[in-house]
Amino acid sequence: MQGELETRRRPGGVRAGWVLLALVGSLGASTARAEAAESSVTLEASGGHGYALWSLLGDVGVGEATFLTLGYSGVRPESGTAATHQLSVGVDHLAGAHWLLSGAVSLGLAKASDTELIQERPRLDVPGLTARTGYGSQAVQLGAAWDSAGFGTWEYGLDAGVGVSRNPLRRQLLTVSGGAATQRYTQEDILWMARPTLGARLLWKGRWELGLRGAFAFYSEDPLTAGQFTDAETEQLEARLEGLAAARGALTVLRRRQLRDLGAAVARRLGEVNATTGFPSAPVRWDVKPSLSWRLSPALRGQLSYAFTRYVPGEGVAHVVATRWTVRPGDAVRLWASVALQRDVPEGLPAQDSALLTLGGEYTF
């Protein structure tokens, strides 16, 4: 698909902002990259009600057909929680005119978020109680993509990949007295996840592109219980909290925050959170995303997409409708903006609507 030059380095919008962990959706301008090993810098930021994402990516040509990718990403799933920071390094290699091989490793820095269960009352000499939940990660991503790389009326590309991540999930209970926190309990679980992906794209006359991507996640244990307080721990917490209603309310807030934090953290490990895929509110079981892109002119490109996400059993589904527009004011500069409307439909609960806005840019030199 040599007619679609701009998508070769950043295919389908998935790679923009966190390319090193996303599977490359197409080979793009493999011939152009082989002729000149260009380098680029990409900056992207997304935000919605209470959550935010940001990333910085450097793509450095180290040969005619090999590129080294260095990146940083941050995500805050909701206000009041600590941000997740991730560092990654990846390699893309063009193997001939049709194949692109990619690999990446990433390290998610340890983070911790505090949820107050009991407020400290110094006058009554009653200490406070805080639940602290923490996450970290180590991940590996491998992928291969094949592109017809021609100038015909119809061209196409296929890709496949797999990502494996190790996610330490920590939980602690702290008593707070005089503003000082003392650890009373700590426990850590390890959640492994493997996520194979498949993708395909069909290009017509170099102007219209139809894409389809899907993925399925396998977990080493139930992500709804991994890292969560056990029934026995919950009973002990309820005994310490004032009143059953207050206890259940505080623990419900804690559980919702943990699931949203985990869902975003695990997804972000594999580079699948942006304005066209939405923001997961729970761990994902599988998802599928069709998209339609068209090039109105050499300097303007648009995309419409729909993403369906099935969360793990008991957590419902999500629908995301998004549009993305890319402009090229010069040969070395690309700018884009994306808007997504998301509806989460939890099981047994009212649907929740949200929106996500993304702005980004890339400079090639």
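Between the side chains of Gln303 and Ser293, at least one donor N or O sits under 3.5 Å from an acceptor N or O. In summary, the side chains of Arg171 and Gln187 do not present any donor paired with an acceptor at a separation below 3.5 Å, with no hydrogens or angles considered. Side-chain atoms of Thr358 and Ser46 form a donor-acceptor pair, as typed in the model, at a separation below 3.5 Å.
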When you look at Tyr156 and Trp204, which way does the ring-ring contact (aromatic ring centres under 6.0 Å, His included) test go after all the steps?
CA-CA 9 Å; Tyr156 61 95; Trp204 181 63; over 10 Å; no

Note to self: With side chain to side chain contact (heavy atoms under 4.5 Å, CB included) as the criterion, how do Arg295 and Lys205 come out once you've worked through the C-alpha distance, each side chain's angles and the decisive distance to 0.1 Å?
What the structure shows: CA-CA 10 Å; Arg295 189 178 62 188; Lys205 291 186 176 181; over 6 Å; no

- [ ] Run the numbers on Leu57 and Thr69 for side chain to side chain contact (heavy atoms under 4.5 Å, CB included), then give the verdict.
- [x] CA-CA 7 Å; Leu57 171 71; Thr69 305; 2.9 Å; yes

Decide side chain to side chain contact (heavy atoms under 4.5 Å, CB included) for Glu362 and Trp336; before the verdict, give the C-alpha distance in whole Å, the side-chain angles of both, and the deciding distance to 0.1 Å. CA-CA 9 Å; Glu362 178 190 70; Trp336 59 86; 3.9 Å; yes

inquiry  = I'd like to know whether Asn167 forms a side-chain hydrogen bond (donor to acceptor under 3.5 Å, both in side chains) with Ser137, so could you lay out the CA-CA distance, the side-chain angles of the two residues, the decisive distance to 0.1 Å, and finally the verdict.
reply    = CA-CA 4 Å; Asn167 305 277; Ser137 77; 4.7 Å; no

Practice item. Begin with the C-alpha distance, continue with both residues' side-chain angles, and end with the deciding distance and a verdict on side chain to side chain contact (heavy atoms under 4.5 Å, CB included) for Ser220 and Leu191. Key: CA-CA 6 Å; Ser220 59; Leu191 178 66; 3.9 Å; yes

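Linking ILVMFWY side-chain heavy atoms closer than 4.5 Å, directly or via other members, places Val284 and Leu349 in two distinct hydrophobic clusters. Leu173 and Val176 are not part of a single hydrophobic cluster, where members link through side-chain heavy atoms under 4.5 Å apart.
Once rounded to the nearest 0.5 Å, the distance linking CD of Gln86 with CG of Leu107 reads 8.0 Å. Here the straight-line distance linking atom CZ of Phe67 with atom OG of Ser39 works out to 6.5 Å at 0.5 Å rounding. Interatomic distance, OG1 of Thr42 versus CG of Leu56, reported as 8.5 Å (0.5 Å rounding). Remark: Tyr219 OH to Arg195 CZ distance equals 8.0 Å, nearest 0.5 Å. Atoms CG and NE2, from Leu109 and His85 in turn, are 7.5 Å apart once rounded to the nearest 0.5 Å. Here Leu304 contributes atom CG and Thr323 contributes atom OG1; the two are 4.5 Å apart, rounded to the nearest 0.5 Å.
Closest heavy-atom contact between Gly302 and Leu296: N-CD1, 4.3 Å. Residues Phe218 and Arg285 share a closest heavy-atom pair of CA-NH1, 4.1 Å. Annotation for Ser40 and Thr364: closest pair CB-OG1, 3.8 Å, computed over non-hydrogen atoms. The shortest non-hydrogen separation linking Gln141 to Gly163 is OE1-CA, 3.1 Å. Scanning all heavy atoms of the two residues, the minimum distance from Lys111 to Ala83 falls at CB-O, 3.8 Å. Summarising the geometry of Tyr311 relative to Ala318, their closest heavy-atom pair is OH-CB, 3.4 Å, with the distance given to 0.1 Å.
In this structure, the side chain to side chain donor-acceptor pair (under 3.5 Å) partners of Gln183, at least two apart in sequence or on a different chain, are Gln172. Residues that satisfy the salt bridge (Lys or Arg N to Asp or Glu O under 4.0 Å) test with Glu221, not counting sequence neighbours, are absent from this structure. Scanning for side chain to side chain contact (heavy atoms under 4.5 Å, CB included) contacts around Ala307 gives Lys289, Val320, with sequence neighbours left out. Under the salt bridge (Lys or Arg N to Asp or Glu O under 4.0 Å) criterion, Asp222 pairs with no residue, sequence neighbours left out. Every residue was checked against the side chain to side chain donor-acceptor pair (under 3.5 Å) condition with Arg310, not counting sequence neighbours, and none meets it. Tyr363 pairs by the side chain to side chain contact (heavy atoms under 4.5 Å, CB included) definition with Ala332, Val333, Phe365, not counting sequence neighbours.
Residues Leu53 and Ser73 form no side-chain contact, since every pair of their non-hydrogen atoms from C-beta on lies 4.5 Å or further apart. Val91 places none of its side-chain heavy atoms less than 4.5 Å from the side chain of Leu101. When side chains are defined from C-beta on, Tyr135 does not count as touching Thr84, because their heavy atoms never get closer than 4.5 Å. Annotation: side chain of Leu356 is not in contact with side chain of Val339 (no heavy-atom distance under 4.5 Å). In this structure the side chain of Thr326 never reaches within 4.5 angstrom of the side chain of Leu335, judged on heavy atoms. Looking at heavy atoms from C-beta onward, Trp154 lies out of side-chain contact with Leu203 at the 4.5 angstrom threshold.
Between Trp99 and Trp146, the angle of the ring planes goes over 60°, which puts this pair in the perpendicular group of the 30/60° scheme.
Note on Asp287 versus Arg213: no salt bridge recorded, every NZ/NE/NH1/NH2 to OD/OE distance being 4.0 Å or above. No salt bridge links Arg170 with Asp189; every basic N to acidic carboxylate O contact stays at or beyond 4.0 Å. In this structure, Asp147 pairs ionically with Arg201, as a charged nitrogen and a carboxylate oxygen lie closer than 4.0 Å.
Side-chain atoms of Glu155 come within 3.5 Å of backbone atoms of Gly152 as a donor-acceptor pair (strictly under, hydrogens ignored).
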